Structure formats: C-alpha cells, structure tokens
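Atom set for the values below is all heavy atoms of this structure, side chains included, hydrogens, waters and symmetry mates excluded. Fair warning: this is a prediction, and the values are worked out from it, not measured in the lab.
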Amino acid sequence: MQKRWYDDACGTALALEFVGERWSLLVIRELMFGPRRFGEIKTNLPGISANVLTQRLGSLEAASIVMRRRLPSPANVQVYDLTDWGREAEMAIREMGRWAARSPRHDPFAFMSTASAMISLRTFVDPAKALAQTMTVAFRFPDDAFVARLADGEIAVARGESNEVEATLVGDTMALRRTIYGKNGFDGGGLLSIAGDRNVAQRFVDLFALPTKIGA
C-alpha cells in the first residue's frame, strides 16, 4: 500500500489519494464511454508521455478504478476500462467541470477530446428545457461516433452508431463547440453539418449553454 498523502478522514482527501496526481482524472474521463487501447488514450491526452500514462493506469488499476482486459477475436487487443465503481466518478467529473467553467481562465476553444465533448453535453444540458423533450441524436466525428438519447431531462450517451436516430451531427469537437455553445449555426465553415431532421438538431442545440463567468 502506498504512503498516504493526507492524515485526514475526509472522503475528499481519500479521493485525492486516488486521482490527485496529474492526468489521473483525465484518464478516467477518456474511459467513461467504454474501453480504450493505450494508444487511443494517449492520443486524446496531448502532452502526456507513454511512461506517465503507464504509471497512471497502473495506479488506477491498483485502486480498483481501472481494469485491463482483452477484447475477443477478431480484435484480440488489450484495452483499459473502468470498473463499475470507477464509472461512478463521472458525476464528480461533471460537477468539477461545471464549477471550473465559471472561471475567466476557462478556455472553451482549447483542445477537447470526443469523450470530453460528450461529458460536456451531459454537464451543460438545461434540465428545465430538456424535461418535456425526447430525441435521439448521433454525433459523427472524424475518428469516433456517439449516440445521445434525451429523456426525462437527462442525456444518455453511448459510443457507437445507430440507425434509430432523428438527426446526425457531423464534424469535429471544435465544430461542436461553435455550433452548440457558440450558437453559430450549422453547415458553415468550421460548424457542424446535419443529416436528418434539422428541427430536431436545432431543438437539441437550444438545450445547452455554458455557465456565466464569475465577476461577469
């Protein structure tokens, strides 16, 4: 057992023992929508070295947050995934993101991974606007795809594709931010494009807003 950082009974102190090292919480974020290969995690965490990523994955595995497994044939590759308990960290990640996004130092147009973009949708949806609506929208990124299902004021997100969607939004994560949070519309340069029902796509976009900055 590693030496404790804090002599403190608070659960927050223990949480920092698990995820307080640099990159740890972002590794968890990248695994939130299912298993990922080592290289996929590293690609979506610019600046992390292979050595540090190996260390963080090892620490998270030792803490029962992450597990290693091998995908069945024909893939037959080793992947990293969250345990059921590890997946419960999503709420903490969302609330921390909501809190920090109010800072003037938050740059909404810095690099954003696809997993981060999807968590942002679950974080910044307006529950009051979403409560009476149901819809299913797909996101098709250059190297990833997700399906978002809205019901009862909550958005459930799953990695993958589905034929049972009302609209598909196509682009990269910068286009997502310009369209959904910047409210700059669809189909222009650097914006999301639409396949399917445009009215559904617009109603979906209208559900989101970034929080007001402190001091504004």
Side-chain angles (χ1 to χ4, degrees), residues 26 29-36 40 43-44 87-104 106-214 216:
L26 300 188
R29 180 196 71 192
E30 289 306 306
L31 297 175
M32 198 55 68
F33 298 104
R36 299 269 86 185
E40 291 172 323
T43 295
N44 284 292
R87 209 169 300 281
E88 292 176 18
E90 183 190 356
M91 185 59 71
I93 292 172
R94 286 163 57 183
E95 291 306 316
M96 288 179 66
R98 191 195 317 277
W99 174 69
R102 296 193 61 216
S103 168
H106 173 238
D107 180 3
F109 296 107
F111 173 84
M112 176 177 272
S113 71
T114 55
S116 179
M118 293 297 101
I119 288 177
S120 82
L121 297 182
R122 285 173 54 78
T123 301
F124 297 119
V125 63
D126 185 325
K129 290 182 179 179
L131 190 58
Q133 302 196 56
T134 58
M135 64 185 84
T136 303
V137 175
F139 286 86
R140 190 175 300 146
F141 298 108
D143 298 308
D144 215 344
F146 296 84
V147 176
R149 293 180 171 86
L150 172 67
D152 301 320
E154 287 278 339
I155 295 177
V157 176
R159 178 175 269 117
E161 301 197 34
S162 171
N163 294 324
E164 299 178 357
V165 300
E166 297 161 87
T168 299
L169 304 180
V170 182
D172 57 20
T173 62
M174 184 65 78
L176 179 148
R177 284 170 279 172
R178 287 171 174 158
T179 291
I180 292 182
Y181 298 118
K183 309 302 181 188
N184 291 319
F186 299 99
D187 299 322
L191 301 173
L192 292 175
S193 60
I194 305 171
D197 191 322
R198 178 173 287 269
N199 289 330
V200 168
Q202 186 61 60
R203 284 196 293 118
F204 187 82
V205 167
D206 290 342
L207 297 174
F208 303 91
L210 293 176
T212 303
K213 301 295 187 187
I214 57 173

With a 4.5 Å heavy-atom cut-off, do Ser162 and Thr136 have their side chains touching?
no
Looking at every heavy atom in both Phe111 and Thr43, which two are closest together, and how far apart are they?
CZ-O, 4.4 Å
So, taking the atom named CG in Leu31 and the one named CG in Leu26, what distance separates them when rounded to the nearest 0.5 Å?
11.0 Å
Report yes if the side chains of Arg29 and Ser113 come closer than 4.5 Å at any heavy-atom pair, otherwise no.
yes
Any side-chain heavy-atom pair from Phe124 and Pro211 closer than 4.5 angstrom?
yes
Nearest 0.5 angstrom please: Thr173 OG1 to Ile180 CD1, how far?
11.0 Å
Hey, are Asp206 and Gln202 close enough side-chain-wise for a donor-acceptor pair under 3.5 Å?
yes
Sorted by first residue and then second, give each ring-ring contact (aromatic ring centres under 6.0 Å, His included) pair with at least one member in residues 146-184; sequence neighbours left out.
Phe33-Phe146
For the residue pair Ala130 and Val125, what are the closest heavy atoms and their distance?
CB-CG2, 3.9 Å
Applying salt bridge (Lys or Arg N to Asp or Glu O under 4.0 Å), can you list everything that pairs with Arg98, at least two apart in sequence or on another chain?
Glu95
Sorted by chain and residue number, the salt bridge (Lys or Arg N to Asp or Glu O under 4.0 Å) partners of Arg198 (sequence neighbours excluded) come out as Asp187
For Arg159, salt bridge (Lys or Arg N to Asp or Glu O under 4.0 Å) partners two or more places apart
Asp144
Close side-chain approach of Phe139 and Leu169, heavy atoms under 4.5 Å
yes
Closest approach of Ile155 and Ala148, non-hydrogen atoms and distance?
CG2-CB, 3.9 Å
Shortest non-hydrogen contact between Ala167 and Val200, atoms and distance
CB-CG1, 4.3 Å
So CZ of Arg178 and CG of Asn184: to nearest 0.5 Å the spacing works out to 8.0 Å
Inter-residue atom distance Thr179.OG1 - Met174.CE, 0.5 Å rounding:
12.0 Å
Validation row: Gln133, Phe204 side chains within 4.5 angstrom (heavy atoms)
no
Would you please name every residue forming a salt bridge (Lys or Arg N to Asp or Glu O under 4.0 Å) with Arg102, sequence neighbours left out?
none
What pairs meet the salt bridge (Lys or Arg N to Asp or Glu O under 4.0 Å) rule with one or both residues in residues 164-173, with sequence neighbours excluded?
none
As a quick check of understanding, evaluate side chain to side chain contact (heavy atoms under 4.5 Å, CB included) for Met32 and Met118, giving each step before the final call.
CA-CA 10 Å; Met32 198 55 68; Met118 293 297 101; over 6 Å; no
Write down the atom of Glu30, the atom of Ser116, and the distance for their closest heavy-atom approach.
OE2-N, 4.4 Å
Could you tell me whether a side-chain N or O of Arg177 sits under 3.5 Å from a main-chain N or O of Ala110, the two making a donor and an acceptor?
yes
Measuring only between side-chain heavy atoms, which start at C-beta, is Leu207 closer than 4.5 Å to Asp126?
no
For Val147 against Gly160, the heavy-atom pair lying closest together:
CG2-O, 3.7 Å
Quick one: does any side-chain atom of Arg94 pair with a main-chain N or O of Ser120 as donor and acceptor, under 3.5 Å?
no
Can a donor-acceptor pair be found, under 3.5 Å and without considering hydrogens, that links the side chain of Lys129 to the backbone of Phe208?
no
